[in-house]
Amino acid sequence: VDVKARLADDLPAADLQHVAGRVAGRQDGGRREIYTKGLTFVERDGSRFPDTDFRLRYEEASGSTPAHGDLTFDHLALGPLGALAAVLPLPQRWRDDLARFAPRGTLKEGKLAWDGPADAPTRYTASVQFAQFGIAAQDALPGVRGLTGRVDATEAKGTLALDSRDVVVALPHLFASPLAFDTAVARVTWTHAADAVGVRVDSASFANADVAGAVSGTWHSAAKGPGSVDLRAQLTRARVEPLARYLPLQLAPAAREWLVRSLRKGTSNDVRLTLKGNLEDFPFAQGRNGQFALAIKGRDATLAYADGWPPITGLDADVRFEGARVVIDVARGRVLGANLSRARIEVADMRQHPAAVKVDGAADGPTSEFLDFVARSPVGGWIGNAQENAKVGGNGKLALSFQIPLTGGRVDALAGEYEFVDNAVHWAGAPGLTHVNGKLAFTEHEMHARDIAGEVLGGPAKVSFTT
C-alpha cells in the first residue's frame with residue numbers, strides 16, 4: 001500500500017511508496033510497546049527496507065522503579081532506517097546520532113535493554129551481529145566501512161570481535177586519506193568508568209596489497225588530549241611505494257615530504273613498531289615521556305637521499321625511527337656502478353626547522369664510475385668540472401660525508417677522500433699517468449693531494465697539489 005502517516009504529533013509525516021507486513025502497538029499508562037512482523041517498505045526514492053521482526057518496549061519511572069526499556073530485532077538495515085529516522089518516534093539523541101554518523105550495513109539478532117531515560121541510560125546491556133557496517137568519522141572517532149563481526153556491551157565494558165573483508169578506515173586526524181584493507185580480524189575489549197575509557201586489542205591482523213601484519217596493545221583516555229597508548233605491531237610484508245598514505249599527519253611537513261621523495265621503492269618482511277606514552281608528547285624525542293621506535297629491514301630499495309645526488313639502488317638496510325630521529329644503516333647497495341661498503345643516512349631531529357640529513361658512506365668500484373658520480377652531483381661544479389678532461393682506468397675507493405637540509409639547498413660540512421688503486425689517468429693535453437696510487441681529498445671549498453705516486457713517460461713520479 002501507499003502510505004502517508006504521522007507517528008507522533010511533533011514529527012513530520014512518513015511518505016512511503018509501499019509498505020507491507022504487520023505493525024502493532026499498545027499503551028497502558030506509562031507503558032508503551034510497538035512491534036512488527038515481516039515489516040518492509042519502499043521509500044519514494046526507491047530505497048527498500050528489508051522485512052524485519054522488531055519490538056520496542058518502554059516503561060516510565062514509577063516510585064522507586066526507574067524508567068526502563070528493551071529493544072529486539074532479527075534483521076535491521078541501517079541505511080533506510082537512518083533516512084527514515086526523522087519520522088520515527090525515537091529519542092532525539094538517537095535521531096541526532098543517526099544523522100551524524102550516517103550508519104550503514106546490516107544488524108542481526110539485536111538485543112538492547114536499559115534502565116533510565118532511553119537517550120541517557122544509567123545501565124544497559126546490548127548485543128548484536130553486524131555485516132558491512134559503516135559509520136562516518138566524527139571528532140576522535142574513526143570512520144569505517146565494511147566491518148563484519150559481533151559486539152557485546154554494557155555501560156561498564158564490552159567486547160568486539162571482527163572478521164571482515166574489504167574494510168576502509170578513515171582517521172582524518174591521523175592520516176590524510178582513508179586506509180583500505182582486504183582483510184581485518186580482531187578481538188577488542190574496553191572498559192568505561194566515569195569519564196575514563198580503556199581499550200585493549202588482544203590480537204588484530206590485517207592485510208592489503210601494500211602490507212600484512214598484526215597489532216596488539218592498549219589505549220587509555222585522558223582528561224584532555226588524545227590519551228595514552230602502549231602498542232606493539234609487526235608487519236610481515238610491506239612495500240615502500242605507497243608509503244605516503246601511511247605516514248601520520250603529525251610528522252613535520254618537510255620530514256614527510258623527504259621520506260616520500262627519498263624512499264622510492266623497496267620491500268620488507270620485518271617491520272616492528274613500539275609506541276608507548278601520552279600521544280600529546282609524540283614523537284617522544286630523546287625518549288622523553290614515552291617511546292616511538294619503528295624498525296624496518298628494507299630490501300632492494302631505492303633511496304634518493306638528497307636532490308641532485310645519484311640515488312642508492314639495490315639497497316638492503318636497517319631503517320630506524322627513534323623518537324624524532326631517523327637512521328638508515330646500509331648493509332648493501334650501489335651508487336651508479338660502485339658498490340657501497342658502508343653508509344649511514346641520518347636525520348637527527350625531524351622536528352627541526354629546517355631539519356637536515358647527514359650522509360656518511362664509503363664505496364669501491366671502477367674510477368670511471370666515481371667520475372660519473374662527480375659529474376652527476378654538485379661535486380663536479382665545485383671542482384670546475386675538471387673530471388670532464390680526464391680518462392681513467394682502474395679501481396678506487398671513495399669515502400664521503402656531508403649534510404644538507406631536507407628541503408634541499410646548500411651542502412654543509414662536505415668531506416671526501418678518493419683512493420686510487422693502480423689506475424691509469426690521462427688528462428687532455430698532458431702526459432698520461434700509469435700505476436697511479438694515492439689519495440685525493442676534497443671539501444666543498446678545496447681539493448688537495450699529497451704524494452700521489454705513479455709512472456709518467458716510463459719513470460716514477462709523485463704528484464701533490466692544492467686548489
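All values below come from the heavy atoms of this structure, side chains included, with hydrogens, waters and symmetry mates left out. Note that the structure is a prediction, hence the values are computed from the model and not measured.
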In Å and rounded to the nearest 0.5 Å, what is the [atom1] to [atom2] distance from [X] to [Y]?
X      : Y      : atom1 : atom2 : value
Arg261 : Leu303 : CZ    : CG    : 11.0 Å
Arg55  : Ile34  : CZ    : CD1   : 13.0 Å
Phe442 : Leu400 : CZ    : CG    : 5.5 Å
Leu174 : Leu247 : CG    : CG    : 10.5 Å
Arg299 : Thr267 : CZ    : OG1   : 8.0 Å
Arg288 : Asp281 : CZ    : CG    : 9.5 Å

[X] and [Y]: which non-hydrogen atoms are nearest, and at how many Å?
X      : Y      : result
Phe284 : Asn278 : CE2-O, 3.1 Å
Ala255 : Met350 : CB-CE, 3.1 Å
Pro50  : Ala77  : CD-CB, 3.5 Å
Gly146 : Val167 : O-CG2, 3.7 Å
Leu98  : Pro103 : O-CD, 3.4 Å
Leu171 : Pro142 : CD2-CB, 3.2 Å

Exam field: side chain [X] to backbone [Y], donor-acceptor pair closer than 3.5 Å:
X      : Y      : result
Thr302 : Lys265 : no
Asn208 : Val211 : yes
Ser341 : Ala362 : yes
Thr148 : Gln132 : yes
Trp94  : Ala118 : yes
Arg104 : Ala102 : yes
Tyr305 : Pro310 : yes
Glu155 : Tyr124 : yes
Ser216 : Ser203 : no
Trp219 : Leu231 : no

Between [Y] and [X], is the closest basic N to carboxylate O distance under 4.0 Å?
X      : Y      : answer
Asp163 : Arg150 : no
Asp360 : Arg342 : yes
Asp210 : Arg239 : yes
Arg376 : Asp372 : yes
Asp202 : Arg200 : yes
Asp412 : Arg410 : no
Arg100 : Asp97  : yes

Applying salt bridge (charged side-chain N to carboxylate O under 4.0 Å, His left out) to Glu346 and not counting sequence neighbours gives Arg325

I'd like to check [X] versus [Y] (side-chain heavy atoms, cut-off strictly below 4.5 Å). Are they in contact?
X      : Y      : answer
Arg351 : Pro283 : yes
Asn395 : Asp364 : no
Leu406 : Glu257 : no
Leu259 : Phe321 : yes
Thr189 : Lys157 : no
Leu78  : Phe101 : no
Gln234 : Asp270 : yes
Leu263 : Val319 : no

Neighbour count >12 (heavy atoms, 6.0 Å) for atom CZ, Arg256
yes

Atom CZ of Arg232: over 12 foreign heavy atoms under 6.0 Å
yes

In terms of ring plane angle, is the pair Phe41 and Phe49 parallel, tilted or perpendicular, where the classes change at 30° and 60°?
parallel

Return the orientation label for the Phe373 and Trp309 ring planes: parallel under 30°, perpendicular over 60°, tilted otherwise.
tilted

Between Thr407 and Trp258, does a side-chain contact (heavy atoms from CB on, under 4.5 Å) hold up when you go through it step by step?
CA-CA 7 Å; Thr407 54; Trp258 178 76; over 6 Å; no

Go through the steps to decide whether Leu76 and Val128 satisfy the test side-chain contact (heavy atoms from CB on, under 4.5 Å), and finish with yes or no.
CA-CA 10 Å; Leu76 198 59; Val128 68; over 6 Å; no

Looking only at the side chains, is there a donor atom on one of Asp74 and Thr52 sitting less than 3.5 Å from an acceptor on the other?
yes

Could you walk me through whether Asp53 and Tyr35 satisfy the side-chain contact (heavy atoms from CB on, under 4.5 Å) test, starting with their C-alpha distance in whole Å, then the side-chain angles of each, then the deciding distance to 0.1 Å, before giving a yes or no?
CA-CA 7 Å; Asp53 294 344; Tyr35 66 90; over 6 Å; no

Please walk me through it: do Leu160 and Trp190 pass side-chain contact (heavy atoms from CB on, under 4.5 Å)?
CA-CA 9 Å; Leu160 170 67; Trp190 70 87; 4.0 Å; yes

When the side chains of residues 414-421 are checked against the rest of the protein, which donor-acceptor pairs come out under 3.5 Å, sequence neighbours left out?
unit_1	atom_1	unit_2	atom_2	d
Tyr418	OH	Thr367	OG1	2.6
Tyr418	OH	Gly396	N	3.3

Passing candidate, salt bridge (charged side-chain N to carboxylate O under 4.0 Å, His left out) with Lys297, options Asp329, Asp316, Asp318:
Asp318

